[in-house]
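Some notes on the structure that comes next.
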4 protein chains.
Amino acid sequence: MAGPGTTETGAAARETGAAGRGAAGASGAGSPAPRGRPRSEQADRAIMAATLELLAERGVAGMSIEEVASRAGVGKATIYRRWSSKGALALDAFLGEFKQQQPLPDTGTLRGDLRAELRAWVRAVTRTPAGRMLGDLIGAAQHDKDLAATYRERVLEPLRQQHRIMLDRAIARGEIPAGTDREVVLDLLFGAAQHRLLLGHLPLTDRFVRDVVEVIVAGIQSPAPS
Amino acid sequence: MAGPGTTETGAAARETGAAGRGAAGASGAGSPAPRGRPRSEQADRAIMAATLELLAERGVAGMSIEEVASRAGVGKATIYRRWSSKGALALDAFLGEFKQQQPLPDTGTLRGDLRAELRAWVRAVTRTPAGRMLGDLIGAAQHDKDLAATYRERVLEPLRQQHRIMLDRAIARGEIPAGTDREVVLDLLFGAAQHRLLLGHLPLTDRFVRDVVEVIVAGIQSPAPS
Amino acid sequence: MAGPGTTETGAAARETGAAGRGAAGASGAGSPAPRGRPRSEQADRAIMAATLELLAERGVAGMSIEEVASRAGVGKATIYRRWSSKGALALDAFLGEFKQQQPLPDTGTLRGDLRAELRAWVRAVTRTPAGRMLGDLIGAAQHDKDLAATYRERVLEPLRQQHRIMLDRAIARGEIPAGTDREVVLDLLFGAAQHRLLLGHLPLTDRFVRDVVEVIVAGIQSPAPS
Amino acid sequence: MAGPGTTETGAAARETGAAGRGAAGASGAGSPAPRGRPRSEQADRAIMAATLELLAERGVAGMSIEEVASRAGVGKATIYRRWSSKGALALDAFLGEFKQQQPLPDTGTLRGDLRAELRAWVRAVTRTPAGRMLGDLIGAAQHDKDLAATYRERVLEPLRQQHRIMLDRAIARGEIPAGTDREVVLDLLFGAAQHRLLLGHLPLTDRFVRDVVEVIVAGIQSPAPS
DNA sequence: TCTTAACCGAGACGGTACGTCAAGTCTTCCT
DNA sequence: AGGAAGACTTGACGTACCGTCTCGGTTAAGA
C-alpha cells in the first residue's frame, strides 16, 4: 500500500507501479502491459531501509541520495527512477513508519477521543524519529511545491479524515453543535501541538495535551457570550 | 537594533561585537579601541538589500551566499564576517521587514484584541513576502539548532511577550480566570494559523480568524462541564 | 562478406555466426546444429543503418550503443550479441562503406598506378564520411588492442595486399629494383596522406598526391648516391 | 613556459595566464591587475604529476578527471578551472615530457640530419610513454576540434619549424633543388613513421628509418625521369 | 504436435564518470 | 585591519552510458 513510487512527482513511472498492483487482469481493462525487466522489490526494500537509517541519523537535509544509494548497495539511477526528489523519498520512508501509529480511538466522549488522538500524535513525534522527520519534511515542503502537495495528500488528509469521524460522532451524540466547523477544530488541535514541535519553545507534555483539549471542547460546546 | 551581526550564531566574529559593546580598555571609558578599517555600512545595506531581493525571488533554500555577494558587490568573506550562516542572514533580513508589522492592539475586549492581533499576523504573512520567508525560516530551523534558538529569541519571544500583555489585561478586566495558562492560549491562537500557513491545506481567511478567536475565547471563559 | 559478427573480438558468438552461414548440411561435417531462433537479418540491417547515421553525425566517440539501439528499434543485448564493442560495430559499419571504393588500378606504369590508388583513397576520405570515420577508428584503436588488430586485419592488410601487387608488377616490368622494400614504399605513400588526414595541418590536394608519388617513384628508381 | 592554462580552449582564464607572463610592468600598459587569490602553483604541479602517472598507466581514454583530482589531492573544479577538457590536460602533460627530446641536429648532410631527427623521434615514441600518449592524443583530437588545433599549434608546428630549417640548410648547401616542397618532404618523413606508430602493423626499426630517409633523399635529389 | 533453445524488444540493474554548483575558508592586493 | 576578488577543498547534484540481467514473447528445428 505504501509502496515506492507512490510519492512520485514526475509523471513517468506511474504505469509501472499501477501495473504492478492491478496488473494483467483477464478483463480487457487499462493495464498497459509492464514491458521490460520489472523493478526489483529487493532494491525497494534496501532503499527504504537505508533512507530510514539516514533520516534518523541526520535528518532530511543532512541525508544525501548518494549515501542512500551507497548504503542500500544500489545505483543512484535506481533511486531516481522511483522518486523524483530527496523529499519524496523521505516522505515515503516516513509514511511507512508514522502512519500506523495513529489509531482512531473511540472512548465514548469527544474529550476522551481528542485526548487519545493528540496523545498518540505527541507520543509518535517525541518518542520516535518521526518527530524530527516530520519537522524536516514540513521544512522541506516550504520550498518544494510537489512535496507539499504530496504531504497534504498522503499524510495530512488521511489523518484529518480520521479525525473528522471523531467529530462527526460527537455531533451525532449531541455533544457539540451540528454546525461546528470541523476544520477549525482540527487546526486548533494539531496546530497548537505542531507549533511546539516545530519551534521547540515549550515541551509537548501530557498537561499540555489536556489543556489544549479542554479549551477546545469548552469552546465549541458553549459558544462564548457575545 | 536590528543591525547586522546580531544574529550571529557561530563563534568567530563575536569578539568584534563584544568589543563594540563591552570594554577592554584600561581606561574607565567604554571605547575599546576599534583598530583597523571600520566595517562599511554601505556593505551592510547592500547585503541586506540583495538578501531581501533573493529571499523574495527564491526563498531561503533557493538563495546562495554566492549570489548575495555578487549582487551586493561584496566579497563572500564580508558576509561571513557578519553572519555565520545563510539562515542567520535570512533571519536578519526577514526581521527588518516583519517586526514592525505586528502592533499591540488595545480594543478593550480580549476578543477584539485577539482578532486584531491575529488579523495583523495573517495580513503580514499573506500580503507580503514575509509569509514565504517565515515558512522557509521555520523549515531551515528544523536542521539548524542555532537558527532555531535565534528564531525563538528574536522573533517568537518578542511577539509572545506582546501577546501575554493582552492576556494579562483580560485577566485584569476579569474577562478570563486568573489561572489561565497563557502559553496554551497563544499556542492555540498562532499554532492554528501557522498550521495553515505551513501546510497550505486551507486558506487564512478573516472567517478563519474569527472562528479561531471565538473558540478560544469561549473555551477559556467558560470551562467545559466535566 | 561484410556481415555482422565478423568483426567480433570476443570469443563468444563465433560459432553461431559461422553456423548460420555455412553448416547445417546433412553431410558428415562438423555442423554444430544451429538450434533456436535464427538471428534476425532485419535487426542486422537496422543496426548497420543506425550506426552509419550516428557515425556520420557524431563520430565514433560521440555515438553510444544506447542510441544505436534506440534508433534501430532494437534491444541493446541484440547489438552486444553481435559485436563485442563500439569500435567493432563502427568498424564493420565503416567497412561496408569504404571497401569497394578502393579499386586496383592498372595504368601500365608505377607512377600511374600509385597516383590512381592514392587519389582514390584521398577522394574516399575527403568526399565521404569515411574520412571522419577512419580518423575516429584509428583514434579508438589507440586504446583498444582488439580493435587495432581487427583494423589491421580487415582494413589495412587487404588494402596493402592490393598495393603490393602494383609494386610487384612494377618490378616485373623492370621499373624498380627487385630488392625494393615494398612495405616502406607503402608506408611512405599512405603514411604521408594519413598524416594530413589525421592532423589536418594541410589539405589533401591533387597536387599533394602528385608530389608524393613523384618523390617516391624517383626515390626508388634511382638510389641516391651515397 | 609550458605552464598550465596555456592549452585552454575556453576563454575564461586567459587573463591570468597573460598577467603571469606580461604582468605588472611599471608602465601604464595593459596588465589587467590579477585580482583575487592567485592560482596555486603547487596545485599545478600536483595535477601535472598525477596526469602523467595516469597517462602512462592507462592512456588518455582510460584516465578520468576524477582520478587525476583524487591523486593530486585537488578538487575537480581546480582542474576544470585550468583546462577545459581531458584532452587539453593530457596534451599539456605530454608536452612537458616530449618537447625537449627533439633536438635540431646538424650533421652537415641532409641524409645525416634527417636520419638523426627521425631516429630521435622514433626513440622518443618507442622508448618512453610518449609514444602511447601521442597516439592517444591524435586519437582524441579526431573528435575534439579544439584539441586538434592546439595539437597543431603546440606540438606539430614547433617541430616542423625545426625541420624546415634542416631542409633550408640542404638547399643552401645545394644538396636539393630550391623549389623542393618542404611540406611534402616532412609529411613523407613523419607520416611514414607515424603510420607505423598508430597502426602498429610493422616495427619502427633503425632499418626502417634508414630506408625511409634513403628513398626521400634520393627522390628529391634526382627527379624521376618522366 | 509438442519441446526446447536461442532469439527478440524493453527496460531495470549496479556502476563510473561526467561537468556544475555552492559551501565555507584562505590568500592576495588595495584602501 | 577591513574590503573585494577570486582562488581553494569538499562533496553532492542529476544525467548519460556502460555492459549485464530479467521479463514476456516469438520463431524455428528436432523429438
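Only this structure's heavy atoms are used, side chains among them; waters, hydrogens and symmetry mates stay out. First the proteins, then the strands, lettered A, B, ... as listed; each starts at 1. Because the structure is a prediction, the values reported are computed rather than measured.
Shown here are the side-chain contact (heavy atoms from CB on, under 4.5 Å) partners of B:Ser70, two or more places apart in sequence or in another chain: there are none. With sequence neighbours excluded, the residues that form a side-chain contact (heavy atoms from CB on, under 4.5 Å) with B:Ala61 are A:His143. Residues forming a side-chain contact (heavy atoms from CB on, under 4.5 Å) with A:Ala90 (at least two apart in sequence, or on another chain): A:Leu55, A:Val60, A:Met63, A:Leu137. Applying the salt bridge (charged side-chain N to carboxylate O under 4.0 Å, His left out) criterion to B:Lys76, with sequence neighbours excluded, gives B:Glu66. The salt bridge (charged side-chain N to carboxylate O under 4.0 Å, His left out) test applied to C:Glu53 returns C:Arg71, not counting sequence neighbours.
To the nearest angstrom, C1' of F:dT26 lies 14 Å from CD of C:Gln42. Going from atom CZ of A:Arg58 over to atom C1' of F:dA12 covers 13 Å, rounded to whole Å. Whole-Å rounding puts the C:Ile47 CD1 to E:dG9 P distance at 7 Å. Atom CH2 in C:Trp83 sits roughly 19 Å away from atom C1' in F:dT20 (whole-Å rounding). Between the CD atom of B:Glu67 and the C1' atom of E:dA23 there is a distance of 15 Å, given to the nearest Å. Between the P atom of F:dA7 and the CZ atom of D:Arg35 lies a distance of 12 Å, rounded to the nearest Å. Rounded to whole Å, the distance from OH on D:Tyr80 to C1' on F:dT10 is 16 Å. To the nearest angstrom, P of F:dA16 lies 20 Å from CD1 of D:Ile65.
Nearer to the 5' terminus of DNA chain E, by closest-nucleotide assignment, is the contact made by D:Gly62 (compared with the other of B:Gly62 and D:Gly62).
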Can you check nucleotides 13-15 of chain E for protein contacts, nitrogen or oxygen pairs under 3.5 Å, and list what you find?
| unit_1 | atom_1 | unit_2 | atom_2 | d |
| --- | --- | --- | --- | --- |
| E:dC13 | OP1 | A:Ser40 | N | 3.2 |
| E:dC13 | OP1 | A:Arg82 | NH1 | 3.0 |
| E:dC13 | OP1 | A:Arg82 | NH2 | 2.7 |
| E:dC13 | OP2 | A:Arg81 | NH1 | 2.3 |
| E:dC13 | OP2 | A:Arg82 | NH1 | 3.0 |
| E:dG14 | OP2 | A:Thr78 | OG1 | 2.8 |

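The pair C:Asp44-C:Arg82 meets the salt-bridge criterion, since a charged nitrogen lies less than 4.0 angstrom from a carboxylate oxygen.
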